[in-house]
Amino acid sequence: MAEVVQPHSMDHQHKEYSNGERHLVAHDTVKNEDFSDEDEIPWGQRIKMDTSTDRKDFKEEQSDSEDDIPWSQRMKDDTKKNGSSSSRKSVKKDESESEEDYKPPAKKDRKEKEDKKKKKEKESKSSSKDKGRTSNESPVKRKKKEEEQDDVWEWWKEDKKPAGVKWNSLSHMGPLFAPPYERLPKHVHFKYNGQNVHLSENAEEIAGFYGRMLDHDYTSNEVFNKNFFHDWRKSMTSSERELITDLNKCDFRQIDVYYKEQSEKRKAMSKDEKLAIKEEKEAELKKYGFAFIDGHKQKIANFRIEPPGLFRGRGGHPKMGKLKKRIMPEDVIINCSKDSEIPPAPKGHKWKEVRHDNTVTWLVSWSENVLGQNKYIMLNPSSKIKGEKDYEKYETARRLKNMVGNIREVYTQDFKSKEMRVRQRAVALYFIDKLALRAGNEKDVDEAADTVGCCSLRCEHIKLHEALDGKENVVEFDFLGKDSIRYFNQVAVDRRVFKNLKLFMENKSQGDDLFDRLDTTTLNQHLQSLAPGLTVKVFRTYNASITLQEQLAKLTNPNDNVAQKMLSYNRANRQVAILCNHQRAVPKTHEKSMAALEQKIKDKKKELKAAKNELKGARGPNKEKAKKKVDRLKDQYKKLKISRTDKDENKQIALGTSKLNYLDPRISVAWCKKFDVPVEKVFNKTQREKFRWALDMADEDYVF
DNA sequence: TCCAGGACTTGGCACAAGGTCC
DNA sequence: GGACCTTGTGCCAAGTCCTGGA
């Protein structure tokens with residue numbers, strides 16, 4: 001079998017940002033002609049090569065008169081939207097349940113319904129349960145799988161609820177609270193200015209949050225330290241506050257050591273002790289981990305209330321280090337149906353509120369003190385409520401596929417609109433479509449790190465090059481996006497886009513908005529007018545999914561073995577991750593594990609050589625045996641080499657996010673079926689649970 | 001009409017769990 | 001069975017988008 005030939009090489013250039021941010025650039029060396037089948041082409045890829053030539057249907061050269069349009073008034077007024085929000089209020093919502101829509105079933109109905117469902121499922125199990133299963137499963141595994149399937153709710157075969165209604169009946173056990181603080185043993189001291197200081201319980205707990213982060217970069221960050229120290233001092237007694245006035249004189253090392261020891265102890269526990277803990281966890285999961293929705297048992301995603309700690313804002317978050325307070329039952333709102341048994345609050349406590357709102361999907365909510373935002377307990381991605389939404393998301397993206405040609409025509413026309421706002425909208429949409437940029441909502445600089453998306457790009461985030469590396473009209477993007485991850489890309493763009501950008505930047509300083517006549521609301525309103533349900537983020541989903549589909553078609557060789565096919569799949573997945581700028585830190589273990597793999601490959605090669613020699617001298621029945629050995633070793637050797645390639649190409653790219661959030665799972669399922677790859681190779685157990693609907697729906701002919 | 005706030009999705013990382021190797 | 005490595009999961013921050021009330 002032929003070696004896997006890399007269809008195109010991706011050279012990921014790593015650069016360090018001044019603040020140490022990572023960044024990744026894909027130099028796609030695919031030739032233009034590879035993408036000649038233009039309407040099926042994943043735009044996101046083409047843009048990285050040269051977008052000025054990739055659209056045949058763009059009207060050939062228009063007059064340059066656009067540049068002569070007097071834009072005299074364009075920048076004078078409304079230069080900037082008003083400054084954003086002041087402090088947030090926590091508004092207590094009314095009991096907003098719609099009585100007409102809400103008809104909860106009686107409790108006994110639920111039981112009946114469940115029994116009925118179980119019976120039905122048992123009947124249909126023999127026909128449906130084999131889907132996606134490999135043939136060589138052990139009986140134990142099979143039994144486990146069957147048990148798991150007991151609660152499968154095939155919601156995609158049922159009628160949908162009226163719009164706005166999320167459930168008819170909902171019951172659950174409420175949240176599980178963080179365990180109470182346990183004081184440090186007497187021998188563990190916090191020191192101030194070299195002296196042991198006995199802290200009050202509150203102050204000690206918060207010192208502990210800091211102490212166990214000593215190894216982390218956070219504790220050398222000025223903002224983090226300032227915020228921490230400010231909040232810590234607020235929690236001290238007056239005498240503590242009087243004494244402890246300088247963080248530099250605080251010594252948390254013993255606390256750090258203590259928690260490390262605790263962690264080591266846990267690791268070194270006996271089997272029985274570990275088992276006891278596991279059982280305890282399982283019991284908690286059993287009690288709190290499930291909700292009943294419309295008679296169906298559904299997994300909850302996060303039934304634990306977030307424990308207190310220090311806020312770990314990312315990038316240059318202005319609030320990092322602030323104290324996240326302990327949440328008490330009195331802070332918590334419970335949402336469940338009226339007829340359900342209301343979960344009891346912990347002894348001696350009561351809930352802030354019990355609500356019966358079936359227009360929302362959350363079970364429990366509370367308000368977090370650092371940013372004043374609401375936090376929720378919601379259902380697991382495998383639940384009907386999440387799955388249905390996911391399915392709809394991909395259906396919307398598929399609808400976009402059918403109309404994206406028209407939309408592109410419209411925004412191309414708009415490049416020469418007389419109205420500045422229309423031109424800006426068109427160029428922004430061009431970026432969103434071609435580069436899969438995020439929308440870029442406005443942010444309050446006091447509340448969050450300075451990151452941007454498309455609509456919030458500032459002049460300082462792009463550079464215009466008339467020519468660069470043999471290409472014309474190149475735009476260089478360099479900005480921090482979501483999670484302060486750097487987006488760096490040099491893109492050849494449509495000539496009219498380039499001209500427009502020059503125009504947008506005229507008479508502006510670096511800190512000014514590039515699209516000063518545009519925001520996400522306006523853009524989304526425009527998109528809604530083109531198609532109901534169409535928003536900026538649909539483009540990301542669409543472009544990701546279409547890219548996967550196209551790349552799979554291009555890269556998969558039906559004659560390959562499963563390992564080779566999986567390399568192709570991962571490469572297709574990687575293209576999407578690059579498009580979406582899904583980066584990860586190179587794992588600390590990368591070099592080491594690559595070296596180990598390298599050694600394995602060497603050893604295997606030796607082994608193979610020896611086996612080949614053996615084969616040469618073998619006679620009679622031994623010859624057949626030796627031949628088999630050589631074949632087996634060859635196979636293993638190839639697998640190792642594939643694994644090395646895959647691992648190395650992947651070191652800086654995170655595939656998980658796109659797989660979980662952007663790629664229509666039916667594309668992957670169809671690919672597995674078509675090329676005879678077990679679906680377990682592509683989706684692990686959790687992913688299969690999340691995408692159960694897709695596993696059931698898609699056959700090998702599925703087209704996104 | 002505007003915009004703050006609510007609801008929900010997207011996102012990377014840390015660490016636990018589980019598998020493999022010796 | 002312990003060390004080491006890989007994979008999976010939980011966590012919770014940070015986005016998007018929509019809605020309700022002023």
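These numbers come from a predicted model, not from an experiment. Throughout, protein chains are lettered first and strands after them, A, B, ... in sequence-line order, and every chain is numbered starting at 1.
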Nucleotide N/O of nucleotides 17-20 of chain B paired with protein N/O under 3.5 Å:
none

Item checked: Which residues share a side chain to side chain donor-acceptor pair (under 3.5 Å) with Thr657(A), sequence neighbours left out -> none

Next item on the list: Could I get the full list of salt bridge (charged side-chain N to carboxylate O under 4.0 Å, His left out) partners for Lys271(A), not counting sequence neighbours?
Entry: none

Next item on the list: List in chain and number order the residues that pass side chain to side chain donor-acceptor pair (under 3.5 Å) with Asp664(A), two or more places apart in sequence or in another chain; answer none if no residue qualifies.
Entry: Arg666(A), Tyr702(A)

Could you write out each protein N or O paired with an N or O of nucleotides 8-11 of chain B at a distance under 3.5 Å?
from, atom 1, to, atom 2, distance (Å)
dC8(B), OP1, Lys166(A), NZ, 3.2
dC8(B), OP1, Thr361(A), N, 3.4
dC8(B), OP2, Thr361(A), N, 3.0
dC8(B), OP2, Thr361(A), OG1, 2.9
dC8(B), O5', Thr361(A), OG1, 3.4
dT9(B), OP2, Lys386(A), NZ, 2.4
dT9(B), O3', Lys537(A), NZ, 3.3
dT10(B), OP1, Lys537(A), NZ, 3.1
dT10(B), OP2, Lys393(A), NZ, 2.8
dT10(B), O3', Tyr662(A), OH, 3.0
dT10(B), O2, Lys482(A), NZ, 2.5
dG11(B), OP1, Arg438(A), NE, 3.2
dG11(B), OP1, Arg438(A), NH2, 2.8
dG11(B), OP1, Arg540(A), NH2, 2.8
dG11(B), OP1, Tyr662(A), OH, 2.9
dG11(B), OP2, His582(A), NE2, 3.1
dG11(B), OP2, Tyr662(A), OH, 3.0
dG11(B), O4', Lys482(A), NZ, 3.3
dG11(B), N2, Arg314(A), NH2, 3.1

Next item on the list: Name all residues meeting the salt bridge (charged side-chain N to carboxylate O under 4.0 Å, His left out) criterion together with Asp450(A); count only those two or more places apart in sequence or in a different chain, and write none if there are none.
Entry: Arg458(A)

Check: Does Glu205(A) have any side chain to side chain donor-acceptor pair (under 3.5 Å) partners at least two apart in sequence or in another chain, and if so, which?
Finding: Arg326(A)

Item checked: Pairs touching residues 524-538 of chain A that satisfy side-chain hydrogen bond (donor to acceptor under 3.5 Å, both in side chains), sequence neighbours left out -> Arg425(A)-His526(A)

Checklist line | Lys260(A): salt bridge (charged side-chain N to carboxylate O under 4.0 Å, His left out) partners, not counting sequence neighbours | finding: Asp215(A), Asp256(A)

Next item on the list: Apply salt bridge (charged side-chain N to carboxylate O under 4.0 Å, His left out) to Arg304(A) and list each qualifying residue two or more places apart in sequence or on a separate chain.
Entry: Glu284(A)

Taking only nitrogen or oxygen atoms into account, show me every contact under 3.5 Å that the protein makes with nucleotides 1-8 of chain C, one pair per line with its distance.
from, atom 1, to, atom 2, distance (Å)
dT6(C), OP1, Lys647(A), NZ, 2.4

Next item on the list: Assign Gly481(A) to base, sugar-phosphate, or nothing according to its heavy-atom contacts below 4.0 angstrom with the strands shown.
Entry: sugar-phosphate

Item checked: Residue list, side chain to side chain donor-acceptor pair (under 3.5 Å) with Ser382(A), at least two apart or on another chain -> Asn380(A)

Next item on the list: Select from Glu306(A) and Asn524(A) the residue whose nearest nucleotide in DNA chain C is closer to the 5' end of that strand.
Entry: Glu306(A)

